[in-house]
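What follows is a set of notes on a single structure, which appears directly below.
For the numbers below, each heavy atom of this structure counts, side chains included, while hydrogens, waters and symmetry mates do not. Along the sequence shown, the residues carry numbers beginning at 1. Because the structure is predicted, anything quoted here is derived from the model rather than measured.
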Amino acid sequence: MARGRSSSSSSSSRWRYCNPAYYLKRPKRLALLFIAFVCATLVVWDRQTLVREHEVELSKLQEEVLELRNVLEDSKDVRRIQRRTKREALPMEDPIDQERREKVREAMIHAWSSYENYAWGQDELQPQTKSGVNSFGGLGATLIDSLDTLYIMGLEEEFQRAKEWVANSLDFNKDYDASVFETTIRVVGGLLSAYDLSQDKVFLEKAQDIADRLLPAWDTPTGIPYNIINLAGGNPRNPGWTGGNSILADSGTEQLEFIALSQRTGNPKYQQKAENAILALNKSFPDNGLLPIYINPDTGSTSYSAITFGAMGDSFYEYLLKVWIQGNKTATVRHYREMWEKSMKGLLSLVKRTTPSSFTYLCEKSGYSLTDKMDELACFAPGMIALGSFGYGPEESKKFLSLAEELAWTCYNFYQSTPTKLAGENYFFHEGQDMTVGTSWNILRPETVESLFYLSRLTGNKTYKEWGWNIFQAFEENSRVEGGYVGLKDVNTGVKDNMMQSFFLAETLKYLYLLFSPPSVIPLDEWVFNTEAHPLRIVTRKEGEDLGNRDAQKKPVILFRNRRAGRLPNRDN
């Protein structure tokens, strides 16, 4: 009973806190209760306010997300419309160009597979006997010359096999007296172009290796290089048949490659060596910009020899223009352009026209006499003149572009004037006879096709594509054999030789392929071609980067066969 009463008393005690009279008798507790009530009310109100604000913000965010989705969809629609409009605005590629380009690609596959099968790793293929020959000391000239052509044509497996050979088998430590010019334009140029296209460092490393072996050729009192050097031991010299002189084209056609090599490696020595030669020539550069083909590397003086845009002179003038383009036409390379413009004034003095058809041609000059002879090699000039014409003002530009077109017509007729429709090595002009073949062989040269490529790109005139296609068909009819492509011993009779020159793959087929390709394939505002048709990326040269103005540091066989000299390959093959 006592527990029952205690429990009842405890229960009553708890309920007394719910009785208002309890708090009326105790004011302090009433105040505390009121404060607690107010605080609880504020907390609840605050939480509800936050929830309402959150809901409002969430609603706004949802609206914004919806708006963004709509904008995104609208943007996609706009981009789709823009892409469609752009596609519709661009002219459809000519299906004839596509078909012809594929034919040229198939020709490259035939030439390359023949080289792979019968002359892999050797310099050049002899298609008739299906054998290889090391005409450049065993440097794999055709393979290296073909790297960028394979890449541009999308022949990926062939390019990879060639790259593996370069990485694992290419060796420059050879007791071979190499042409500095030929090795530079083919090997250094080919490797650098493959690097610029693929960004594979093996090509850059190999280019640096061979360039280091060539550099001692520039160790002359003037900086004008000797033209031959032993790849294993150095020991530069000039060929005996030049009387100890250096050849103009051979000494002035390394700048593109060596400048590019310095830019890619960050080592200025290559650019310094190559540009010092131009600086030496510029010291006594004549007002007409024309130099004889023989120059003394010790004194810088010129000898009494021919002035020509053909063999042994040609690419010197070409590189004056192209180094200016390679440097993106800045003030740093302006002196190249100025030298080239002087040379174009001199070129105008060599221009004559035939009778009765008024074909425009370039004479050769000896002393004060002009010889009415033009090499097929000089057919690079129409493309060069067209390329450089856009650096003049309107009137001069029109004049030089017109000259380029006239010269290209003559060069095309070098082909059309023979029974095989392939050009001879050089032509003579006689009053009343227009042109006659002089040296009658054809060794698959690219120069006329090169000019047709430039004129087609620069003018948009489709005529040049038709001319190029006719030349390609003549090669297919007369030069294609089971084992590759060969030249002709005589363009009149069609008798074949036994050599597939490396430049046929590097230049002739590449320029034909690009002739039928859209301008976006190797665009001329991003790339410049060396004289072996190896494209190198244009890199802007700024003030203060003119490494060629620095003083260069001075330090106290196989038959030399220069393709620019236009010598006939072995007729016995």
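- The ring of F258 has its center closer than 6.0 angstrom to the ring center of W218.
- Around the CD atom of E156, the shell of radius 6.0 Å holds no more than 12 heavy atoms that belong to other residues, nucleotides or ligands.
- For T142 against W112, the heavy-atom pair with the smallest separation is O-CZ3, 4.4 Å.
- The distance from the CD atom of E425 to the OG atom of S440 is 10.0 Å, given to the nearest 0.5 Å.
- Residues L248 and Y317 meet the side-chain proximity criterion, which asks for heavy atoms closer than 4.5 Å.
- Under the rule for a salt bridge (charged side-chain N to carboxylate O under 4.0 Å, His left out), the partners of D212 that lie at least two apart in sequence or sit in another chain are K269.
- Side-chain contact, E364 with T371: no donor N or O sits under 3.5 Å from an acceptor N or O.
- Classified by interplanar angle (parallel below 30°, tilted 30° to 60°, perpendicular above 60°), the ring pair F529/F453 is perpendicular.
- Between Y294 and Y304, the distance from one ring center to the other does not fall under 6.0 angstrom.
- Take R457 and apply the salt bridge (charged side-chain N to carboxylate O under 4.0 Å, His left out) test, not counting sequence neighbours, and it matches no residue.
- Scored by the salt bridge (charged side-chain N to carboxylate O under 4.0 Å, His left out) test, K163 finds D200 as partners (sequence neighbours excluded).
- Closest heavy-atom contact between L444 and S479: CD2-OG, 3.6 Å.
- In this structure, F503 and P446 approach most closely via the heavy-atom pair CD1-CD, 4.0 Å.
- At a threshold of 4.5 Å between non-hydrogen side-chain atoms, the residues Y319 and N530 count as touching.
- For the salt bridge (charged side-chain N to carboxylate O under 4.0 Å, His left out) condition, the pairs that include at least one residue of residues 103-115, sequence neighbours left out, are E102-R105, E106-R480.
- Ring planes of Y485 and F504: tilted class, angle from 30 to 60°.
- Side-chain atoms of N230 and N235 include no donor-acceptor pair closer than 3.5 Å.
- With hydrogens and angles left out, the side-chain atoms of T253 and S315 include a donor and acceptor closer than 3.5 Å.
- L155 is listed as a side-chain neighbour of M108, based on a closest heavy-atom distance under 4.5 Å.
- At distances below 3.5 Å, not a single donor-acceptor pair connects side-chain atoms of D314 with backbone N or O atoms of F309.
- Within 6.0 Å of atom CD in E482, 12 or fewer heavy atoms from other residues, nucleotides or ligands are found, so the atom counts as exposed in its surroundings.
- Using the six-membered ring where Trp is involved, F203 and F159 have ring planes that are tilted, between 30° and 60° apart.
- In plain terms, the two heavy atoms of G190 and L147 that are nearest each other are O-CD1, 4.4 Å.
- One finds the CG atom of L377 at 10.0 Å from the CE atom of M312 (value rounded to the nearest 0.5 Å).
- The two residues I144 and L139 have their closest heavy-atom pair at CD1-O, 3.3 Å.
- With sequence neighbours excluded, the residues forming a salt bridge (charged side-chain N to carboxylate O under 4.0 Å, His left out) with E338 are R334, listed by chain and number.
- Of all heavy-atom pairs between L261 and A211, the closest is CD2-CB, 3.3 Å.
- Looking at residues two or more places apart in sequence or on another chain, you find a side chain to side chain contact (heavy atoms under 4.5 Å, CB included) between V486 and P127, Q128, V481, K496, D497.
- Separating the OG1 atom in T184 from the CD1 atom in I210 is a distance of 8.5 Å, to the nearest 0.5 Å.
- The closest donor-acceptor contact from the side chain of N426 to the backbone of T439 lies under 3.5 Å.
- Annotation: side chain of E477 is not in contact with side chain of T420 (no heavy-atom distance under 4.5 Å).
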